[in-house]
Every structure is written in structure tokens, then in C-alpha cells.
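Worksheet for the structure shown next.
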Amino acid sequence: MITIKVFENYDELSAQAAEMFKEVLNTTENPVLGLATGSSPEGLYKALVEMHKNKELDFSNVSTVNLDEYVGLSGDHDQSYRYFMNTHLFDHVNIDKAKTFVPNGLAQDLEQEGKDYDQRIKDLGGVDLQVLGIGSNGHIGFNEPAEKLVLGTHVEDLTESTIEANSRFFETRDDVPKRAISMGLGTILDAKKIILVASGKSKAEAIASLVDEYITTQVPATLLKLHPDVTVLVDKEAASLL
Ligand code: F6R
């Protein structure tokens with residue numbers, strides 16, 4: 001079931017997302033957090049770092065698994081998702097980096113890497129709280145609109161619209177990797193609780209597709225309707241077509 005909450009602005013929705021993380025961290029013995037990168041969760045991570053500084057949050061028992069990583073980028077490339085996580089969150093809190101996992105985009109055998117990643121999540125006991133962003137085409141993780149979607153962690157070809165959207169972070173459009181390794185819809189839906197954060201007009205159409213009675217693999221996020229506990233936190237612009 002999806003619950004949508006609309007906030008005045010991005011800071012307010014980020015603060016609410018952080019409160020929901022705090023709740024899980026404070027009530028779970030060895031919490032496993034599913035994390036996303038991109039612009040949408042930046043405010044959440046900033047708020048979590050702030051809470052940690054104020055001694056409200058302890059990350060010493062936390063494990064994390066990220067949704068995705070570009071194929072071909074090493075963890076120290078400044079556009080890799082490992083680098084993003086280190087610089088936006090892990091470097092600023094008391095987390096044991098050995099317990100932070102991001103798919104390895106340099107793995108020789110990417111198919112095996114996907115299988116091992118799903119097994120790792122199972123071994124950790126599953127994800128307690130997963131945060132997601134959403135693409136303007138409705139992708140979650142890098143599960144792009146398609147006739148069929150993949151259940152497990154796997155390699156995806158990025159669509160032109162995603163390459164275009166992500167080119168803002170690279171020097172030229174040609175520098176944007178064309179493939180990513182991403183949790184699949186099955187992996188994502190296995191999380192016990194999911195929060196999706198979105199802001200801005202470009203997300204309005206994708207957000208509107210979360211409230212009708214349809215699911216379609218052409219808008220992967222609509223499959224979240226099958227999950228029992230999803231909270232969507234949006235600002236007014238992202239909510240403008242609701
Ligand atoms: C990132 C991810 C993507 C983004 C989505 C939105 O780990 O999985 O699905 O959440 O592309 O990106 P932003 O937040 O930059 O608009």
C-alpha cells in the first residue's frame with residue numbers, strides 16, 4: 001500500500017525522511033538500510049549527518065546496501081555511487097565501512113556479482129528500510145521501463161532519457177556510462193519498509209502514476225503498489241498532478 005505525504009518544500013520532506021530513518025535505527029537491533037544516490041536523497045543524508053553530530057543517531061550497528069552502481073566505474077571515481085555514498089554519508093558518521101555494500105561495477109562476472117549481491121542481502125537478514133528516488137520515466141533503481149522487468153540484481157542498459165538526465169553530473173554526455181548494475185524489482189519489494197522521495201515538476205507525472213489503480217512494467221515504480229508499506233514523500237511541485 002502506498003501512502004503519499006506532500007510537503008511545502010524539499011527541506012521538510014527530507015527532515016521527515018530522516019525522522020523515519022531515525023525511528024528504524026532506534027528500534028532495530030542490527031538495522032539494514034537500503035540506500036539510493038542522486039539528488040533526491042541528498043537532503044535526507046544531510047539531515048542524518050546532522051542528527052549523528054547531535055548524538056541522536058548511532059550507526060555502529062548499521063549495515064547498508066545500495067541500489068545500484070554504474071558498470072565500469074571504480075569506487076574512487078567521483079561519479080561512482082560508492083564515492084557518492086562515502087562523501088554524502090559514510091565519511092561523516094560512525095559506520096563501519098566494511099558493512100556498507102554497493103554493487104561492484106568492475107566485477108569480471110557481473111551476472112555472478114548480481115547473484116552474490118542478492119545472497120548478501122539475504123544473509124544480512126533483509127532490508128529493514130529502503131529509500132528510493134524515482135526517474136521522470138518512472139524508473140526505480142535502474143529498472144527502466146520495459147515489457148519485462150528483472151527480479152534480482154542484474155545489469156541494465158540505461159535509456160536515452162536516463163543518460164540525458166544523468167549527464168548533468170559528467171563533463172560530456174559521452175562520459176555517462178551506458179550500463180548499470182541494479183537491484184531488481186524483486187530485491188526492492190523484499191524490503192520490509194520503503195520510502196520514496198521526490199521533488200520538482202519533472203517528477204510530477206511519475207508520482208501521479210502511483211495513485212491510480214494500475215501497475216505496469218512501463219512505469220516500474222507502479223509495482224510498489226504491491227508492497228504493504230510504502231511511504232512517498234513529495235514536495236508541492238512533484239505533487240502537482242495528483
Ligand atoms: C539512484 C537511483 C535512481 C535515482 C533516480 C532519480 O541510486 O537508483 O533511480 O533515484 O534516477 O535521480 P535523482 O534523485 O537524481 O533525480
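Counting starts at 1 for both ligands and their atoms, following the listed order. Hydrogens, waters and symmetry mates are skipped; everything else that's a heavy atom, side chains included, is used. Index from 1, following the sequence.
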Closest to atom 14 (O) of ligand 1 by heavy-atom distance, out of Ala180, Gly133, Ser40, Ser199, is Ser40
In this structure, atom 6 (C) of ligand 1 is nearest to the protein heavy atom Ile134 O, 3.4 Å
Counting heavy atoms under 4.0 Å, the part of Thr162 that contacts ligand 1 is neither
Looking only at protein heavy atoms, what sits closest to atom 9 (O) of ligand 1 is Gly141 O, 2.7 Å
Within 4.0 Å of some non-hydrogen atom of Ser39, the atoms of ligand 1 are 13 (P), 14 (O), 15 (O)
shortest atom 1 (C) of ligand 1-to-protein heavy-atom contact is with Thr37 OG1, 3.3 Å
Taken in chain and number order and not counting sequence neighbours, the residues that satisfy salt bridge (Lys or Arg N to Asp or Glu O under 4.0 Å) with Glu164 are Arg173
So the atoms of ligand 1 within less than 4.0 Å of a heavy atom of Leu67 turn out to be 8 (O)
For Lys46, the salt bridge (Lys or Arg N to Asp or Glu O under 4.0 Å) test, sequence neighbours excluded, returns none
When distances are taken from atom 11 (O) of ligand 1, the protein heavy atom at minimum range is His139 NE2, 2.7 Å
Query raised in the report: So is Pro41 polar-close to ligand 1, meaning N/O to N/O under 3.5 Å?
Result: no
Look at atom NZ of Lys236 and say whether more than 12 heavy atoms of other residues, nucleotides or ligands are closer to it than 6.0 Å. no
Salt bridge check, Asp190 against Lys122: does any charged N sit closer than 4.0 Å to a carboxylate O?
no
Short version for Arg168: what comes under 4.0 Å of ligand 1, heavy atoms counted, is side chain
At under 4.0 Å between heavy atoms, what of Asp68 touches ligand 1? The answer is side chain
| task | Kindly state whether the ring of Phe170 and the ring of Tyr70 have centres lying under 6.0 angstrom apart. | result | yes
Quick check: Lys203 and ligand 1, any N/O pair under 3.5 Å apart? yes
